[in-house]
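Notes follow once the structure below has been shown.
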Amino acid sequence: MNLPATVRIVEVGPRDGLQNEAAPIPTAVKIRLIEDLAAAGLSEIEAGAFVSPKWVPQMADSAAVLAGLTRDPRKRYPVLVPNLQGLEAALTAGARDVAVFAAASESFSRKNTNCSIDDSIARFEPVLSRARSAGVPVRGYVSCVLGCPYEGEIAPEAVARVAKSLIDIGCHEISLGDTIGVGTPLATQRMIGAVAEAVPIPQLAAHFHDTYGQALANLLAAMQMGISVIDSSVAGLGGCPYAKGATGNVATEDVVFMLDGMGIQSGIDLTRLAEAGWRVLRHFDRAPQAGVSRALWQKAQKSQA
Ligand SMILES: CC(C)(COP(=O)([O-])OP(=O)([O-])OC[C@H]1O[C@@H](n2cnc3c(N)ncnc32)[C@H](O)[C@@H]1OP(=O)([O-])[O-])[C@@H](O)C(=O)NCCC(=O)NCCSC(=O)C[C@@](C)(O)CC(=O)[O-]
């Protein structure tokens, strides 16, 4: 089987994972989570979002998170920005990596960012140009690449068009989001095949939610196509506030366990990663739900009994 020798994991738990939690989470809990994830070996940890607090209240303290964080200079702590206002706030808070987010579905674009797909790209142009002058790299997300909560099926060509637009305005990498986790392996490969005609595979990342339990299978399918950047969320935390019913991203523990089993390097210590997840779950008074995290937790409970 043709698979990458190493995989870069982008941990999105502190942003994508926590953004959907209803109750306020203390800034200190977010900071501890990010620092625990860095200690577990994650080298890229999405730390927050400079979006409208009216739209996503949980991310309103992102500047405080960045200010309170002890940053490891070898690691990256990207944040989401939806517009120039968000980028300026992120730069003032000391962000050195940012991401913009678009969608392959018109309806989702309007629900998530209050504008059409084309308007969102136009809104990002000054963001990219200002980021370039500040020396800050910009990642681009495309949501709903394998289905939309409002429109159903999405044509792979529509995904390719948005991904290409984001590359054309200067994004260095495109993260392909199966926002509602409805993809299956062959659909995933068809979608990636179409996108790869417009954007080279080394510039693509897989960002799959696990709503229907397909994420690992889809990741394997994506890796077979050459994708070697995977977004995931510790303990499978998360969901998008504008995609009702969507559950968390694929759990980072599940991804690391699968990669370890296949001899693919990720540089992450699975035990420390699982412990980082358990600590944040204790704050929510929840037991681990995601596969590997739950299995390791049960094993740890038995060995203490
Ligand atoms: C894009 C907007 C701002 C448009 O929202 P809008 O209401 O059209 O914005 P506006 O420009 O008309 O401004 C309205 C108000 O928002 C304020 N505002 C405007 N911008 C900002 C900002 N950056 N930071 C703070 N405040 C801001 C602005 O100052 C103003 O305040 P007011 O005068 O009413 O007091 C809004 O729709 C928004 O913030 N959306 C974000 C939604 C979001 O964060 N969704 C989750 C992240 S995407 C995701 O999870 C998917 C992903 C990436 O994980 C991949 C996948 O899984 O698919």
Side-chain angles (χ1 to χ4, degrees), residues 10-21 46-64 78-93 95 98-105 107-117 119-124 126-127 130-131 138-151 154 159 162-163 166 171 173-183 191 204-211 215 218-219 229-233 236-250:
V10 179
E11 168 62 48
V12 296
R15 193 280 304 170
D16 206 349
L18 299 186
Q19 71 183 5
N20 209 30
E21 293 290 338
E46 214 168 57
F50 288 78
V51 297
S52 162
K54 288 183 193 146
W55 285 63
V56 184
Q58 194 60 262
M59 291 290 112
D61 63 346
S62 291
V79 294
L80 292 195
V81 297
N83 52 19
L84 206 43
Q85 184 177 342
L87 175 66
E88 291 299 349
L91 293 177
T92 303
V98 301
V100 294
F101 48 103
S105 142
S107 310
F108 188 84
S109 178
R110 287 174 195 281
K111 294 273 184 192
N112 198 36
T113 53
N114 205 22
C115 65
S116 69
I117 298 171
D119 286 350
S120 74
I121 303 293
R123 191 187 267 174
F124 296 148
V127 174
R130 171 76 178 100
V138 184
R139 185 181 217 220
Y141 280 101
V142 183
S143 286
C144 299
V145 299
L146 288 161
C148 167
Y150 311 103
E151 294 182 12
I154 296 294
V159 182
V162 181
L166 289 169
C171 291
E173 179 170 275
I174 302 300
S175 175
L176 299 166
D178 182 10
T179 314
I180 53 170
V182 290
M191 181 275 294
L204 299 177
H207 177 108
F208 297 158
H209 287 252
D210 204 22
T211 319
N218 295 343
L219 283 177
V229 184
I230 294 176
D231 298 359
S232 59
S233 169
L237 294 169
C240 177
Y242 296 97
K244 228 176 171 21
T247 59
N249 293 84
V250 63

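Please read all numbers here as calculations on a predicted model, not as lab measurements. When a ligand or atom number is given, it counts from 1 through the structure's own listing order.
Judged purely by atom type and a 3.5 angstrom limit, Asn249 has no side-chain atom pairing as donor or acceptor with the backbone of Ser233. Judged by distance alone, with hydrogens and angles left aside, the side-chain atoms of Ser143 form no donor-acceptor pair with the main-chain N or O of Ala103 at under 3.5 Å. Proximity of a side-chain donor or acceptor of Glu21 to a complementary backbone N or O of Gln58 within less than 3.5 Å is not detected. Formation of a donor-acceptor pair under 3.5 Å by the Asp178 side chain with backbone atoms of Val182 is found in this model. Thr211 places a side-chain N or O within donor-acceptor distance of the main-chain N or O of Ile180, the cut-off being under 3.5 Å.
Residue contacts with ligand 1, taken as heavy atom pairs separated by less than 4.0 Å, do not involve Arg139 at all. Contacts between Gln19 and ligand 1 below 4.0 angstrom, taking non-hydrogen atoms only, involve the side chain exclusively. Of all the heavy atoms of Arg110, none lies under 4.0 Å from any atom of ligand 1, so neither backbone nor side chain is involved.
Using a 4.0 Å heavy-atom cutoff, Pro53 is listed among the residues neighbouring ligand 1. Heavy-atom separations between Arg15 and ligand 1 include at least one value shorter than 4.0 Å.
Below 30°, between 30° and 60°, or above 60°: for Phe101 and Phe124 the angle between ring planes is between 30° and 60°, a tilted geometry.
Counting atoms of ligand 1 from 1 in the listed order, those under 4.0 Å from a heavy atom of Ser143 are 51 (C), 55 (C), 56 (C), 58 (O). Within ligand 1, the atoms closer than 4.0 Å to a non-hydrogen atom of Pro82 are 1 (C), 23 (N), numbered from 1 in the order shown. If you number the atoms of ligand 1 from 1 as listed, the ones under 4.0 Å from a heavy atom of Asn114 come out as 6 (P), 7 (O), 8 (O). Atoms of ligand 1 lying under 4.0 Å from at least one heavy atom of His209, given by number and element, are 57 (O). Below 4.0 Å from some heavy atom of Arg123 lie the following atoms of ligand 1, by number and element: 1 (C). When each atom of ligand 1 is checked for a heavy atom of His207 under 4.0 Å away, the hits are 54 (O), 55 (C), 56 (C), 57 (O). Shown in contact with Leu80 at under 4.0 Å from a heavy atom are these atoms of ligand 1, numbered in order with element: 47 (C). In the vicinity of Gln85, heavy-atom distances shorter than 4.0 Å reach the ligand 1 atoms 18 (N), 19 (C), 20 (N), 21 (C), 25 (C), 26 (N), 27 (C), 28 (C), 29 (O).
The closest non-hydrogen atom to atom 40 (N) of ligand 1, taken over Val51, Asn112, Thr113, Asp178, comes from Asn112.
Among the atoms of Lys54, some N or O lies under 3.5 angstrom from an N or O of ligand 1. In terms of polar-atom proximity, defined here as any N/O pair under 3.5 Å, Phe50 does make such a contact with ligand 1.
To the nearest 0.5 Å, atoms CG (Asp231) and CD (Glu11) are separated by 9.5 Å. Here the straight-line distance linking atom CG of Leu219 with atom CD1 of Ile230 works out to 4.5 Å at 0.5 Å rounding.
Residues passing the side chain to side chain contact (heavy atoms under 4.5 Å, CB included) test with Arg130, sequence neighbours excluded: Leu84, Leu87, Glu88, Leu91, Ser133, Ala134. For Ser232, the side chain to side chain donor-acceptor pair (under 3.5 Å) test picks out Thr252, with sequence neighbours left out.
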